[in-house]
A.B. asks: 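The structure is given below, and queries will be raised subsequently.
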Amino acid sequence: MSRVLLPAVLLLTAVLSACGGVQSPPGTLDLEGQTSLAVGAPASLTAVLRGLSGDPIPVTVTYTSSQPNVISVDGQGQLTVKRLTATSRPVELTASAAGRTATILVTTYGLELAVGTYVWNLQAAGAAPGRFVVVRYRPESEAEAVQASTYTVTAPGDERLTCPLSQNAVERACWWAEADATKYPSGEYRASLVQNGVTYTTTASLPDPEAALGFVGGASATLRGRDVTFAGELPAGAGWLYAYVAKRMLQTSALPGPRLRSQGTEPANDPQSVSVYATALPATLTVGDAVPAGAYEGWITAMPSNLSSFDEVLPEQFNVSATFGGMVTLR
């Protein structure tokens with residue numbers, strides 16, 4: 001029987017083929033894309049496998065995102081920018097082809113919109129949840145000044161919500177707690193804001209209009225002097241609390257007096273102070289001296305995350321509950 005000696009390279013190829021192995025072509029995988037993206041703006045990735053000569057090699061590329069809730073990517077590299085990235089936690093976008101990978105880190109900026117349900121423990125039994133709508137803005141660079149402007153949100157039924165954004169504002173979030181869900185049905189919500197000659201736009205929807213955040217268990221508001229202590233048991237899923245006193249339950253942060261403030265941004269001994277942020281209960285609010293004496297309602301608003309901080313990513317659906325803690329009488 002005659003014998004045929006195969007060259008070493010062909011022999012290796014034959015062995016690999018017999019074992020199901022696949023050789024990766026020599027070269028590099030180049031990945032191109034922007035590292036800073038605006039929420040809602042179109043964007044894409046381009047990955048090319050190049051041989052040793054630098055010429056492109058036809059190959060199938062797979063794209064993945066480390067945080068698809070913030071930036072998702074399809075099979076063609078098209079990006080959907082949904083959320084503001086958390087501080088110091090960029091999204092890792094990866095392209096894979098022929099046994100090689102390439103990665104870029106991306107942060108996002110601009111206008112963010114979230115929609116959820118809103119419930120309160122004094123609403124009529126069996127009533128449908130209302131709507132909670134929140135917008136917030138972050139410039140591409142912290143050195144970039146925030147200009148005075150107006151947030152505009154349009155609901156699926158063409159109901160419009162507006163809220164001012166002050167120049168150089170520290171607090172860049174606005175929210176609305178709407179009791180009447182018929183005015184704010186499920187569907188696509190649209191938001192816009194003009195900053196430095198650029199119009200930012202984004203959209204959001206309500207995946208589950210029946211889902212709701214639970215109420216604070218055993219909620220109470222007790223007064224000692226001008227200190228109001230809010231107590232109770234947090235509901236599952238609540239990561240942030242906004243407790244306040246007011247003549248009635250607040251329905252928007254766009255008020256001249258009781259504003260939704262960032263933790264740590266309130267001036268010391270604020271004479272208009274009527275609210276406090278907390279991550280746990282009990283929490284104590286020192287009501288400002290300029291707040292008139294009289295009877296006030298005490299409310300504890302539970303949220304899934306902190307609207308005023310960019311240290312965390314907002315959830316796709318932002319459900320909120322308000323629990324009445326009782327009346328307090330300021331003197």
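Any value given below was found using the heavy atoms of this structure, including those in side chains, with hydrogens, waters and symmetry copies removed.
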A.B. asks: Could you go through Gln317 and Asn319, starting from their C-alpha distance and side-chain angles, then the distance that decides it, and tell me whether this counts as side-chain hydrogen bond (donor to acceptor under 3.5 Å, both in side chains)?
C.D. replies: CA-CA 6 Å; Gln317 179 161 329; Asn319 297 335; 3.0 Å; yes
A.B. asks: Looking at Trp299 versus Phe324, is the centre-to-centre ring distance below 6.0 Å?
C.D. replies: yes
A.B. asks: Report the distance from atom OG1 of Thr286 to atom CG of Asp227, rounding to the nearest 0.5 Å.
C.D. replies: 4.0 Å
A.B. asks: Does the side chain to side chain contact (heavy atoms under 4.5 Å, CB included) test come out yes or no for Ile71 and Thr108, once each step is laid out?
C.D. replies: CA-CA 9 Å; Ile71 303 176; Thr108 63; 3.7 Å; yes
A.B. asks: Check whether any side-chain N or O of Tyr242 sits under 3.5 Å from a backbone N or O of Ala278 as a donor-acceptor pair, and report yes or no.
C.D. replies: no
A.B. asks: How long is the straight-line distance from OG1 of Thr117 back to CD of Glu210, given to the nearest 0.5 Å?
C.D. replies: 9.0 Å
A.B. asks: Counting only heavy atoms from other residues, nucleotides and ligands, does the tally under 6.0 Å from CD of Glu233 exceed 12?
C.D. replies: no
A.B. asks: Side chains of Val106 and Pro90: does their closest heavy-atom pair fall under 4.5 Å?
C.D. replies: no
A.B. asks: Roughly how far, to the nearest 0.5 Å, is CG of Leu314 from CG of Leu84?
C.D. replies: 7.5 Å
A.B. asks: State whether the side chain of Arg248 and the backbone N or O of Glu297 hold a donor-acceptor pair below 3.5 Å, judged by distance alone.
C.D. replies: no
A.B. asks: Taking side chain as C-beta onward, heavy atoms only, is Val245 less than 4.5 Å from Leu285?
C.D. replies: yes
A.B. asks: To the nearest 0.5 Å, what is the distance between CD (Glu32) and CD1 (Ile104)?
C.D. replies: 9.5 Å
A.B. asks: State, with a plain yes or no, whether a side-chain heavy atom of Phe318 is found less than 4.5 Å away from one of Leu307.
C.D. replies: yes
A.B. asks: So which atom in Cys163 and which in Trp176 form the shortest heavy-atom distance, rounded to 0.1 Å?
C.D. replies: CB-CZ2, 3.4 Å
A.B. asks: Counting only N and O atoms by type, is there a donor-acceptor contact under 3.5 Å from the side chain of Glu159 to the main-chain atoms of Val153?
C.D. replies: no
A.B. asks: Taking all non-hydrogen atoms of both residues, which atom of Ala212 and which atom of Val119 are closest, and how far apart?
C.D. replies: CB-CG1, 4.1 Å
A.B. asks: Taking all atoms of both residues into account, what is the closest heavy-atom pair of Leu31 and Leu45, and its distance?
C.D. replies: CD1-CB, 4.1 Å
A.B. asks: Taking all non-hydrogen atoms of both residues, which atom of Ser65 and which atom of Val91 are closest, and how far apart?
C.D. replies: OG-CG1, 3.4 Å
A.B. asks: Mark yes or no for whether Arg190, through its side chain, and Ala204, through its backbone, hold a donor-acceptor pair below 3.5 Å.
C.D. replies: no
A.B. asks: Is a salt bridge present between Arg50 and Asp55, judged by a nitrogen-to-oxygen distance below 4.0 Å?
C.D. replies: no
A.B. asks: A quick test of your reading: do over 12 heavy atoms of other residues, nucleotides or ligands sit less than 6.0 Å from CG of Asp289?
C.D. replies: no
A.B. asks: Tell me whether Tyr189 contacts the main-chain N or O of Tyr184 through its side chain, where contact means a donor paired with an acceptor under 3.5 Å.
C.D. replies: yes
A.B. asks: Do Thr94 and Tyr63 come close enough that some side-chain heavy atom pair is under 4.5 Å?
C.D. replies: no
A.B. asks: Once side chain to side chain contact (heavy atoms under 4.5 Å, CB included) is applied, do any residues pair with Ala41, and if so which ones, sequence neighbours excluded?
C.D. replies: Ala38
A.B. asks: Do the non-hydrogen side-chain atoms of Val81 and Tyr109 ever get within less than 4.5 Å of each other?
C.D. replies: no
A.B. asks: Let's go through Leu206 and Asp208 carefully: what are the C-alpha distance in whole Å and the side-chain angles of both, what is the deciding distance for side chain to side chain contact (heavy atoms under 4.5 Å, CB included) to 0.1 Å, and is it a yes or a no?
C.D. replies: CA-CA 6 Å; Leu206 184 64; Asp208 188 350; over 6 Å; no
A.B. asks: A cation-pi test, strictly: NZ or CZ of Arg138 under 6.0 Å from the centre of the six-membered ring of Phe310 and no more than 45 degrees from its axis. Yes or no?
C.D. replies: yes
A.B. asks: I want to know whether Tyr118 and Trp120 have ring centres closer than 6.0 Å.
C.D. replies: yes
A.B. asks: If two hydrophobic side chains count as joined below 4.5 Å and joins carry through other members, does Val313 share a cluster with Leu213?
C.D. replies: no
A.B. asks: Under 3.5 Å, is there a donor-acceptor pair linking the side chains of Glu140 and Ser36?
C.D. replies: yes
A.B. asks: Between Thr202 and Leu111, what is the shortest heavy-atom contact and its length?
C.D. replies: CG2-O, 3.6 Å
A.B. asks: In this structure, which one of Val276, Thr301, Leu281 forms a side-chain contact (heavy atoms from CB on, under 4.5 Å) with Leu241?
C.D. replies: Leu281
A.B. asks: Under 4.5 Å between side-chain heavy atoms, counting indirect links through other Ile/Leu/Val/Met/Phe/Trp/Tyr residues: same cluster for Leu52 and Leu29 or not?
C.D. replies: no
A.B. asks: Between Ser149 (side chain only) and Val194 (backbone N and O only), is there a donor and an acceptor less than 3.5 Å apart?
C.D. replies: yes
A.B. asks: Looking at Ala155, is its backbone amide N or carbonyl O close enough to the side chain of Arg160 to form a donor-acceptor pair, meaning the two atoms are under 3.5 Å apart?
C.D. replies: no
A.B. asks: Any chance CD of Gln34 has more than 12 other-residue heavy atoms, nucleotides or ligands included, within less than 6.0 Å?
C.D. replies: no
A.B. asks: More than 12 foreign heavy atoms under 6.0 Å from NZ of Lys247: is that the case here?
C.D. replies: yes
A.B. asks: Between the side chain of Ser44 and the main-chain N/O of Leu79, is any donor-acceptor distance below 3.5 Å?
C.D. replies: no
A.B. asks: Distance check, rounded to the nearest 0.5 Å: Asp311 atom CG versus Ser88 atom OG?
C.D. replies: 7.5 Å
A.B. asks: Could you walk me through whether Thr323 and Asn121 pass the side-chain hydrogen bond (donor to acceptor under 3.5 Å, both in side chains) check?
C.D. replies: CA-CA 5 Å; Thr323 306; Asn121 64 335; 5.1 Å; no
A.B. asks: Show the nearest heavy-atom pair for residues Ala47 and Ala95, with the distance to one decimal.
C.D. replies: CB-CB, 3.7 Å
A.B. asks: Sort out for me which residue in Thr150, Leu193, Val133, Val135 forms a side-chain contact (heavy atoms from CB on, under 4.5 Å) with Cys174.
C.D. replies: Val135
A.B. asks: Is there a side chain to side chain contact (heavy atoms under 4.5 Å, CB included) between Val287 and Val228 once you walk through the steps?
C.D. replies: CA-CA 7 Å; Val287 180; Val228 180; 3.9 Å; yes
A.B. asks: Is it the case that the side chain of Ser205 and the backbone of Gly187 share a donor-acceptor pair, with hydrogens and angles ignored and the cut-off at 3.5 Å?
C.D. replies: no
A.B. asks: What's the verdict on side-chain hydrogen bond (donor to acceptor under 3.5 Å, both in side chains) for Glu312 and Asn306, showing C-alpha distance, side-chain angles and the deciding distance?
C.D. replies: CA-CA 8 Å; Glu312 52 190 299; Asn306 181 6; 5.1 Å; no
A.B. asks: Which value, rounded to the nearest 0.5 Å, describes the distance between Ser321 atom OG and Phe132 atom CZ?
C.D. replies: 10.5 Å
A.B. asks: If you apply the rule side-chain hydrogen bond (donor to acceptor under 3.5 Å, both in side chains), what do you find for Thr284 with Thr229, and how did you get there?
C.D. replies: CA-CA 4 Å; Thr284 299; Thr229 298; 3.3 Å; yes
A.B. asks: Are the side chains of Val146 and Gln195 in touch, meaning some heavy atoms are under 4.5 Å apart?
C.D. replies: yes
A.B. asks: I'd like to know if Arg131 pairs up with Glu178 as an ion pair, taking the criterion as any Lys NZ or Arg NE/NH1/NH2 lying under 4.0 Å from an Asp or Glu carboxylate oxygen.
C.D. replies: no
A.B. asks: Would you say Glu316 and Asn69 are linked by a side-chain donor-acceptor pair, where the criterion is simply a distance under 3.5 Å?
C.D. replies: no
A.B. asks: Could you walk me through whether Leu165 and Tyr151 pass the side chain to side chain contact (heavy atoms under 4.5 Å, CB included) check?
C.D. replies: CA-CA 7 Å; Leu165 175 64; Tyr151 290 112; 3.8 Å; yes
A.B. asks: Are the side chains of Pro209 and Pro129 in contact, using a 4.5 Å heavy-atom criterion?
C.D. replies: no
A.B. asks: Taking the side chain as every heavy atom from C-beta outward, state whether Arg226 and Arg331 have any atom pair closer than 4.5 Å.
C.D. replies: no
